[in-house]
Number of protein chains: 2
Amino acid sequence: MFSIGELSKRTKVKIPTIRYYEGMGLLAAPERTTGNQRRYDAAGLERLSFIKHARDLGFSIDAISALIELQDHPDRSCQAATAIAAGQLLDVRAKIKRLRTLEKELVRMSKGCDGDGVSQDCYVLASLADHDLCAHEH
Amino acid sequence: MFSIGELSKRTKVKIPTIRYYEGMGLLAAPERTTGNQRRYDAAGLERLSFIKHARDLGFSIDAISALIELQDHPDRSCQAATAIAAGQLLDVRAKIKRLRTLEKELVRMSKGCDGDGVSQDCYVLASLADHDLCAHEH
DNA sequence: ATACGATCTCTAGTGGCTAGAGGTTCAAGA
DNA sequence: TCTTGAACCTCTAGCCACTAGAGATCGTAT
Ligand SMILES: [Zn+2]
Ligand SMILES: [Zn+2]
Ligand SMILES: [Zn+2]
Ligand SMILES: [Zn+2]
């Protein structure tokens, strides 16, 4: 049995975030001391670690709720879990694609100006003012 | 002189967003009709296009404010503008890097399970429960 | 017994919008 | 000129996933 501070240290999830997860219904409300302080056990630690890991991988709270629901029913088909992971992968890939386009434009802009001129002649500002200077859609 | 709806159509910025930008002080308050409706001119269109383009490239509102400030003073050094663009590029690259790591882990997870089993044996769920299965930090 | 860090609840703020309620104005057609 | 209906107005609240702070209480070590 350990305190919320201890749980926070072990999982590297901030205390207010732990309480927030509890309020959301993502993390079960733990036991309390007579003085109303939260006391966690190994199960709580495990669950919060799961949540943390999934959040770090970019899964939404809703997705994590669904994953936890599955975890709580070991005999159910895991099809939904793989679907969620596949969706997350698509999401990440879409984000990468978009960011790579942005990267190219930003490189072009940065190359276009040394920063030793005056704002009126700045290629960065001109580029932002005129999308036609861009090489790609974004 | 055109209405907010027209401005919205031309810039593809939604009407509430335009009003939000005005409230933020990002976009100057335009003239009004006697009936209190906003009427924009070419300058307003140009400025909103600038903002839209910068937002599409991922610049924060604060960064855009600084860029606009520079644009309004054509004789100032553009050093700050290039610094902001360079910072944005670093930001984008950091995001790409992180997402590429996530992508690898998600691919590994997805490969690990066909979705035809039971949640108890699911590699996706096992992977989320145990970061030690991950190939990289993230 | 006392001190002091940790915890409690509650509210409000972050960024960048987005949605809705309830009321007013504009512009085109009859 | 009148009427209709789309577009506009302001204001408040909601979204996601937290984060920060106020002010009060608790737990533990000396
Ligand atoms: Zn420049
Ligand atoms: Zn562009
Ligand atoms: Zn599976
Ligand atoms: Zn991991």
Side-chain angles (χ1 to χ4, degrees), chain A residues 1-27 29-40 44 47-48 50-68 84 87-88 91-92 95 98 102 138, chain B residues 1-27 29-40 44 47-48 50-68 84 87-88 91-92 95 98 102 138:
Chain A
M1 287 305 207
F2 40 88
S3 69
I4 196 170
E6 185 62 27
L7 181 65
S8 171
K9 260 179 215 152
R10 293 202 205 177
T11 57
K12 284 162 196 158
V13 175
K14 285 174 189 161
I15 292 174
T17 306
I18 297 174
R19 292 198 274 246
Y20 167 75
Y21 287 160
E22 183 184 323
M24 302 285 298
L26 194 57
L27 191 63
E31 288 181 46
R32 300 274 186 146
T33 63
T34 47
N36 200 37
Q37 298 194 0
R38 292 167 179 83
R39 285 299 176 267
Y40 295 90
R47 167 131 310 176
L48 183 55
F50 182 96
I51 294 169
K52 172 70 159 50
H53 197 205
R55 283 297 297 134
D56 284 349
L57 287 162
F59 289 88
S60 73
I61 299 286
D62 269 6
I64 296 172
S65 290
L67 291 168
I68 283 178
I84 288 169
Q88 180 60 19
D91 217 63
V92 165
K95 275 183 182 139
R98 174 145 187 283
L102 299 193
H138 49 96
Chain B
M1 288 305 210
F2 40 87
S3 69
I4 195 169
E6 185 63 27
L7 181 66
S8 170
K9 259 180 215 149
R10 293 203 204 176
T11 57
K12 282 160 196 161
V13 175
K14 284 173 187 163
I15 291 175
T17 306
I18 297 173
R19 293 199 274 245
Y20 168 74
Y21 287 160
E22 184 184 324
M24 302 285 298
L26 195 57
L27 191 63
E31 287 181 47
R32 301 275 185 144
T33 62
T34 48
N36 200 35
Q37 298 196 0
R38 292 168 180 83
R39 285 297 176 268
Y40 295 89
R47 168 131 311 174
L48 184 56
F50 182 96
I51 295 168
K52 172 68 157 52
H53 197 206
R55 284 296 301 133
D56 284 349
L57 286 162
F59 289 87
S60 72
I61 297 285
D62 269 7
I64 296 171
S65 291
L67 291 168
I68 283 178
I84 288 168
Q88 180 59 19
D91 217 65
V92 165
K95 276 184 181 136
R98 174 146 188 284
L102 299 194
H138 49 94

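Proteins get letters first, then strands, A, B, ... in listed order; numbering begins at 1 in each.
- A:Arg55 contributes a side-chain N or O that, together with a main-chain N or O of A:Phe59, makes up a donor-acceptor pair within less than 3.5 Å.
- A:Ile15 places its CD1 atom 12 Å from the P atom of D:dA20, with the value rounded to the nearest Å.
- Looking at which nucleotide of DNA chain D each of A:Pro16 and A:Gly35 is closest to, the 5′-most match is held by A:Pro16.
- Atom CZ in A:Arg32 sits roughly 15 Å away from atom C1' in D:dG27 (whole-Å rounding).
- Residue B:Lys12 contributes atom NZ, which lies 16 Å from atom P of C:dT18 at whole-angstrom precision.
- Here the side chain of A:Ser8 pairs no donor or acceptor atom with the backbone of A:Ile4 at under 3.5 angstrom.
- Atom-to-atom, CD1 of B:Ile18 to C1' of C:dC17 comes out at 13 Å; the value is rounded to the nearest Å.
- As a whole-Å value, the separation of A:Arg39 CZ from C:dA6 P is 13 Å.
- Between A:Ser3 and C:dT7 there is a side-chain polar atom (N or O) within less than 4.0 angstrom of OP1 or OP2.
- Distance A:Asp62 CG to D:dA17 C1': 12 Å, rounded to the nearest Å.
- Residue B:Arg38 is classed as a sugar-phosphate contact, given heavy-atom separations below 4.0 Å to backbone atoms only.
- For the pair B:Asn36 CG and D:dC9 P, the computed distance is 8 Å after rounding to whole Å.
- Between B:Phe59 and B:Thr33, the residue anchored closer to the 5' end of DNA chain C is B:Phe59, taking for each the nucleotide with the nearest heavy atom.
- For C:dT18, the OP1/OP2 oxygens have a side-chain nitrogen or oxygen of B:Thr17 closer than 4.0 Å.
- Taking the charged nitrogens against the carboxylate oxygens, A:Glu22 and A:Arg38 do have a contact shorter than 4.0 Å, which makes a salt bridge.
- Counting any heavy atom pair closer than 4.0 Å across all strands shown, B:Arg19 reaches a base atom.
- Put simply, the side chain of A:Arg39 does not reach to within 4.5 Å of the side chain of A:Glu6, judged on heavy atoms.
- The side chain of A:Ile4 lies closest to C:dT7, out of C:dT7, C:dT18, C:dG16.
- Using a 4.0 Å heavy-atom criterion, one finds that B:Tyr21 contacts the sugar-phosphate atoms exclusively.
- Side-chain contact between A:Ser3 and A:Gln37: absent, with no pair of heavy atoms (C-beta onward) separated by less than 4.5 Å.
- Rounded to whole Å, atom P of C:dT7 lies 21 Å from atom OH of A:Tyr20.
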